[in-house]
Amino acid sequence: MVKNHYFVLAAAMSAAMLVSCSQDDPADGGSYAADAQEIALRPVVEDYVNNTVVPTYRGLADASLRLAAKCNEMCVAGVGNLTPDMVAEAGRLWIEARRYWELSEAWLFGAAADYNIDPHIDTWPLDRTAMEAMLGNPSQMAQMHDRESAGEYVGSSLGQGLLGFHAIEYMIFEPSSESAAVTSPRPVERFTQNELYYLAAVADDLRNCCVRLEASWADPGTVSAEKLSILDDAELSYDRNYGAYMKNAGKAGSMYVSYAQAVEELIVGAQDIADEVGNQKIGNPVGSGLAADPDYIESPYALNSITDFVDNIRSVRHAYMGYQPAEGETEDYIMPSAHTLSDYVASVDPGLDLRVKAAIDSAVDAISRMREPFASTSQDVSMHDVNFAAVDACNDLVDVFDEVILLISDN
């Protein structure tokens with residue numbers, strides 16, 4: 001089904017094109033207004049790329065490097081020397097990388113979409129039937145024994161339901177039961193050597209994808225030689241620079257004819273994840289559509305579902321108003337911004353800015369009232385109103401961003 005906000009964006013862009021054609025005469029004052037908006041939006045886009053998008057991807061890439069190193073350490077140790085501390089540390093590193101990924105989902109356009117990275121590393125539910133068949137297939141497993149090429153093999157040969165965050169999650173977390181909100185590192189005695197080969201290979205592939213995201217947005221010369229070597233060895237291109245496309249809107253070589261168009265993509269990216277959280281990540285399991293799908297649970301083994309959802313809405317907050325240290329988050333990468341879309345909207349329509357901020361806060365608050373394990377609470381009658389309130393709050397957030405798109409197109 002086509003989402004309503006795409007119609008709003010299409011109408012806004014059409015209006016913007018008509019306005020630009022009719023505003024050539026300075027006597028109308030229109031071209032001056034358009035120029036003023038472009039001047040105001042340029043630093044918004046620059047800060048969005050430099051302080052929000054690139055640092056989030058850098059945090060993700062660095063965390064994925066640490067996770068891959070730990071998973072490879074587990075593989076080298078082998079089933080005889082694997083320790084509980086190794087598995088617990090892998091779980092901690094998974095949580096760290098997962099957080100940065102979820103905080104990036106308000107901008108799944110660009111490299112994440114064009115290189116198919118989003119479905120490659122974040123497809124769920126996990127295909128456990130195919131996983132068991134693969135682990136028992138000698139020819140497939142033999143391809144993962146070569147630590148130099150195992151990541152490239154799984155990345156090019158395995159289906160999306162066997163890759164990414166959720167494959168790693170399944171290997172290193174073990175909930176105590178279907179209904180208890182307690183998960184633990186998987187006991188070492190449950191691992192097979194084939195599982196360790198597979199774990200290390202998938203972690204390498206995840207690392208490659210996360211590094212590619214950073215390299216595809218960051219300024220040339222700012223990505224470490226180690227990371228570029230990883231991409232070159234894996235033969236993964238990063239020749240498109242999406243950060244430069246946005247920051248150079250309106251110039252030759254950019255994908256964007258104006259900063260207004262770049263901002264509209266920013267807004268739709270935020271809408272898309274708010275819509276996905278409300279109507280898919282929460283809505284599918286609780287049945288806000290035609291029927292509930294209790295198997296459609298994100299991060300069920302780490303019991304990280306609710307945290308995922310909250311971090312997704314925080315990514316919307318970061319996109320709209322920059323990182324806010326007052327939120328109480330500990331952040332080593334993402335930086336506050338001096339120029340934000342929130343600032344611009346407030347300068348044109350202060351009431352709309354307040355409504356957007358309130359909708360973000362309401363969505364975070366509503367989701368935070370949900371409970372783990374979501375695989376159980378999604379079907380709990382006593383949680384019905386709480387779960388559906390979260391769906392409604394996400395939809396309200398989508399709707400208010402329609403107004404922001406129209407405000408950008410009208411100024």
Side-chain angles (χ1 to χ4, degrees), residues 67-68 70-84 86-88 90-91 93-95 97-98 116 118-147 149-180 182-209 284-285 293-305 308 373-376 378-379:
L67 175 59
K70 180 57 63 173
C71 291
N72 275 274
E73 179 188 339
M74 292 169 62
C75 182
V76 171
V79 294
N81 296 301
L82 192 63
T83 68
M86 289 180 185
V87 185
L93 293 170
W94 184 91
I95 293 290
R98 185 68 183 168
N116 209 38
D118 175 27
H120 188 92
I121 67 174
D122 198 23
T123 289
W124 74 90
L126 187 69
D127 191 343
R128 292 171 59 181
T129 300
M131 178 186 289
E132 292 304 318
M134 174 206 64
L135 290 169
N137 185 315
S139 63
Q140 281 188 293
M141 294 311 306
Q143 298 290 328
M144 301 181 208
H145 290 185
D146 183 348
R147 301 303 320 127
S149 62
E152 289 85 343
Y153 167 74
V154 298
S156 62
S157 302
L158 299 187
Q160 294 172 350
L162 295 173
L163 296 171
F165 279 104
H166 301 298
I168 299 171
E169 177 198 9
Y170 177 70
M171 284 292 159
I172 58 181
F173 291 98
E174 188 169 290
S176 60
S177 73
E178 291 184 358
S179 58
V182 179
T183 192
S184 304
R186 188 178 177 206
V188 295
E189 62 270 16
R190 298 196 195 280
F191 285 88
T192 67
Q193 189 60 47
N194 273 354
E195 287 177 336
L196 292 175
Y197 282 126
Y198 169 60
L199 172 65
V202 173
D204 283 352
D205 176 60
L206 176 69
R207 173 204 64 200
N208 296 349
C209 292
N284 282 358
D293 182 358
D295 295 325
Y296 193 86
I297 305 292
E298 187 176 27
S299 303
Y301 310 109
L303 299 187
N304 209 59
S305 304
D308 281 358
F374 190 49
S376 174
S378 65
Q379 301 300 301

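Keep in mind the model is a prediction, meaning the values are calculated, not measured. As a basis for the values below, the full set of heavy atoms in this structure was taken, side chains included, without hydrogen atoms, waters or symmetry mates.
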Item to check | Closest non-hydrogen atom pair between Ser378 and Pro285, with its separation | outcome: CB-CB, 3.9 Å
Checklist entry - What's the spacing between Leu303 CG and Asp308 CG if we round to 0.5 Å? => result 11.0 Å
Determine all donor-acceptor pairs shorter than 3.5 Å in which one atom belongs to a side chain in residues 153-167; sequence neighbours excluded.
{"from": "Ser156", "atom 1": "OG", "to": "Glu152", "atom 2": "O", "distance (Å)": "2.9"}
{"from": "Ser156", "atom 1": "OG", "to": "Tyr153", "atom 2": "O", "distance (Å)": "3.3"}
{"from": "Ser157", "atom 1": "OG", "to": "Tyr153", "atom 2": "O", "distance (Å)": "3.0"}
{"from": "His166", "atom 1": "ND1", "to": "Glu169", "atom 2": "OE1", "distance (Å)": "3.0"}
{"from": "His166", "atom 1": "NE2", "to": "Asp122", "atom 2": "OD1", "distance (Å)": "2.9"}

Checklist entry - Which is it for Arg207 and Leu67 under the side-chain contact (heavy atoms from CB on, under 4.5 Å) test, yes or no, and what are the steps along the way? => result CA-CA 8 Å; Arg207 173 204 64 200; Leu67 175 59; over 6 Å; no
Item to check | Spatial distance of atom NE2 (His120) from atom CG (Asp205) [nearest 0.5 Å] | outcome: 3.5 Å
Checklist outcome for this item: Nearest heavy-atom approach of Thr192 to Val79 is C-CG1, 3.5 Å
Checklist outcome for this item: For Met74 and Leu196, the nearest pair of non-hydrogen atoms, with its separation, is O-CD1, 3.7 Å
Item to check | Rounded distance [0.5 Å steps], CD in Gln140 versus CE in Met134 | outcome: 6.5 Å
Next on the checklist: Taking ring-ring contact (aromatic ring centres under 6.0 Å, His included) as the definition, give me every residue that meets it alongside Tyr198, ordered by chain and number, with sequence neighbours left out.
Outcome noted: none
Checklist entry - Hey, are the side chains of Gln193 and Cys75 touching, using non-hydrogen atoms and a 4.5 Å cut-off? => result yes
Checklist entry - Does Thr183 use its side chain to pair, donor to acceptor, with the backbone of Ala302 at less than 3.5 Å? => result no
Checklist entry - Closest approach of Ser179 and Pro373, non-hydrogen atoms and distance? => result O-CD, 3.5 Å
Checklist entry - When you measure from the side chain of Ser184 to the backbone N and O of Glu174, does any donor-acceptor pair fall under 3.5 Å? => result no
Next on the checklist: Just checking Glu178: does its CD atom have more than 12 heavy atoms from other residues, nucleotides or ligands closer to it than 6.0 angstrom?
Outcome noted: no
Item to check | Side chains of Asn304 and Phe173 in contact at under 4.5 Å (non-hydrogen atoms) | outcome: no
Checklist outcome for this item: The reported gap from CG in Leu199 to CE in Met171 (rounded to nearest 0.5 angstrom) is 7.0 Å
Checklist entry - From Ile95 CD1 over to Ser299 OG, what is the distance, rounded to the nearest 0.5 angstrom? => result 8.0 Å
Checklist entry - Can you find a heavy atom in the side chain of Arg147 that is under 4.5 Å from one in the side chain of Asp204? => result yes
Checklist entry - Just how far is it from atom CD1 of Ile168 to atom CZ of Arg98, taken to the nearest 0.5 Å? => result 10.5 Å
